[in-house]
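Quick notes on the structure that follows.
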Amino acid sequence: IYITNNSTKERIMNKTTKWIVIGIVALIAIWAFAGYNGMVSADEDVTKAWNNVQSDYQRRADLIPNLVETTKEAAKREQGILEAVVNARAEATSVQLTADELTEENLKKFQQAQSELSSSLSRLLMSVEAYPELESIRGYGELRASLEGTENRIKESRNAFNETVAVYNKKVRSFPNNLIAGMFGFSTRAGFTAAEGADQAPKVDFSE
């Protein structure tokens with residue numbers, strides 16, 4: 001009887017240990033599944049925010065040819081500035097990044113190209129203040145308003161992107177999510193860095 005009872009206790013202990021191990025494995029699997037899905041969701045949010053940034057920059061790039069065409073006849077003396085805007089636009093649109101390529105170095109190149117376009121565009125808009133006849137050109141006022149709105153949208157989309165990247169990076173870097181991130185190849189993303197005057201949209205309202 002003693003042997004039978006001892007054997008029964010051993011079987012019970014083995015089953016208990018087995019279920020404990022299964023429970024631990026299940027908890028780890030649930031945690032890993034939830035952590036992975038959370039990072040996938042955050043990664044998708046970054047992609048969406050980056051697409052919004054690119055869309056707003058592209059919208060500005062699409063408006064520039066119309067601006068050049070509208071101003072070049074009235075502001076013939078500003079051909080140098082007009083050419084600078086066209087060249088800066090070409091450079092800016094040539095720097096294309098996907099969300100997976102958002103390293104600090106790549107984003108710095110993108111930001112630099114866009115900043116140079118902003119500067120040349122600002123110089124053009126300041127220079128044409130000397131040509132009041134532009135105000136009478138059909139569509140010029142609407143174009144100017146569109147540029148103002150686009151610059152504000154760029155500012156907002158950049159801020160939203162940085163906030164999204166911060167949330168994502170926190171997930172990737174924090175323990176124990178960083179273990180899952182390392183296993184599945186999630187890495188931190190770069191955000192826009194502050195530059196002088198970057199917190200303000202370039203002034204394109206020259207009607208004052």
Side-chain angles (χ1 to χ4, degrees), residues 44-103 106-165 189-208:
E44 288 297 323
D45 288 340
V46 171
T47 299
K48 180 180 179 181
W50 177 244
N51 288 341
N52 290 338
V53 169
Q54 288 190 307
S55 177
D56 288 334
Y57 273 122
Q58 185 61 51
R59 185 172 186 271
R60 180 177 69 173
D62 291 342
L63 289 171
I64 288 175
N66 291 334
L67 175 67
V68 171
E69 286 299 317
T70 301
T71 59
K72 70 179 183 179
E73 289 301 322
K76 292 181 179 180
R77 291 177 296 177
E78 313 300 338
Q79 291 303 310
I81 297 178
L82 287 167
E83 290 178 6
V85 170
V86 172
N87 292 336
R89 178 188 180 278
E91 178 64 26
T93 54
S94 71
V95 182
Q96 297 293 327
L97 298 176
T98 66
D100 293 332
E101 298 172 325
L102 292 175
T103 63
N106 286 341
L107 191 58
K108 184 177 181 180
K109 292 179 181 178
F110 179 89
Q111 187 172 353
Q112 179 63 33
Q114 295 295 343
S115 295
E116 289 178 2
L117 177 55
S118 294
S119 297
S120 61
L121 181 59
S122 179
R123 287 194 297 270
L124 172 62
L125 293 171
M126 289 179 62
S127 68
V128 297
E129 290 182 8
Y131 305 93
E133 61 270 25
L134 281 171
E135 294 293 341
S136 62
I137 296 178
R138 182 179 179 182
Y140 179 72
E142 293 180 2
L143 177 59
R144 185 183 64 193
S146 294
L147 284 167
E148 291 174 352
T150 300
E151 293 293 352
N152 287 327
R153 286 174 58 171
I154 288 173
K155 174 188 173 184
E156 292 173 1
S157 62
R158 279 168 53 119
N159 289 340
F161 171 75
N162 276 353
E163 292 173 3
T164 305
V165 167
R189 304 285 180 80
F192 285 101
T193 56
E196 185 177 355
D199 59 334
Q200 297 179 358
K203 182 177 176 58
V204 296
D205 183 1
F206 45 87
S207 59
E208 297 178 358

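Here the structure is a predicted model, which means the values were calculated and not measured. By convention here, the first residue in the shown sequence is residue 1.
- Taking 4.5 Å as the limit, some side-chain heavy atom of Leu121 sits within range of a side-chain heavy atom of Glu151.
- When side chains are defined from C-beta on, Arg189 does not count as touching Trp50, because their heavy atoms never get closer than 4.5 Å.
- The shortest side-chain heavy-atom distance between Pro65 and Glu69 does not fall under the 4.5 Å cut-off.
- Taking CE of Met126 as the start and CD of Glu78 as the end, the distance is 11.5 Å to the nearest 0.5 Å.
- To the nearest 0.5 angstrom, Thr103 atom OG1 is 13.0 Å from Phe110 atom CZ.
- With hydrogens and angles ignored, the 3.5 Å screen pairs a side-chain donor or acceptor of Ser120 with a backbone N or O of Glu116.
- Atoms CG and CG, on Asn87 and Leu82 in that order, are 11.0 Å from each other to the nearest 0.5 Å.
- Atom CD of Glu142 sits in a sparse spot, with 12 or fewer heavy atoms from other residues, nucleotides or ligands closer than 6.0 Å.
- Taken from CD in Gln96 to CD in Gln54, the straight-line distance is 6.0 Å, to the nearest 0.5 Å.
- The side-chain hydrogen bond (donor to acceptor under 3.5 Å, both in side chains) test with Ser157 singles out one residue from Asn152, Asn162, Asp56, and that residue is Asp56.
- Side-chain contact between Leu107 and Phe192 is present, with heavy atoms from C-beta onward closer than 4.5 Å.
- With contacts defined as side-chain heavy-atom distances shorter than 4.5 Å, the pair Tyr140/Thr71 qualifies.
- Side-chain contact between Asn159 and Lys155 is present, with at least one heavy-atom pair separated by less than 4.5 Å.
- In this structure, Gln112 CD and Glu91 CD are separated by 9.5 Å, a value rounded to the nearest 0.5 Å.
- With rounding to the nearest 0.5 Å, the separation of CG in Leu117 from CD1 in Ile64 is 4.0 Å.
- Test Glu148, Arg158, Arg59, Arg60 against Arg153 for side chain to side chain contact (heavy atoms under 4.5 Å, CB included) and you get one pass: Arg59.
- For Gln111 (side chain) and Gly191 (main-chain N/O), no donor-acceptor pair under 3.5 Å exists by modelled atom type.
- Under the 3.5 Å distance criterion, the side-chain polar atoms of Thr164 are matched with a main-chain donor or acceptor of Ala160.
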Candidate pair Arg89 and Asp62, rule side chain to side chain contact (heavy atoms under 4.5 Å, CB included), full reasoning = CA-CA 9 Å; Arg89 178 188 180 278; Asp62 291 342; 4.1 Å; yes
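- Side-chain atoms of Val95 and Tyr57, non-hydrogen and from C-beta on, never get closer than 4.5 Å to each other.
- Panel note: side chain Ser55, backbone Asn52; no donor-acceptor pair is recorded below 3.5 Å.
- Here the side chains of Leu102 and Val165 are not in contact, with every heavy-atom distance at 4.5 Å or above.
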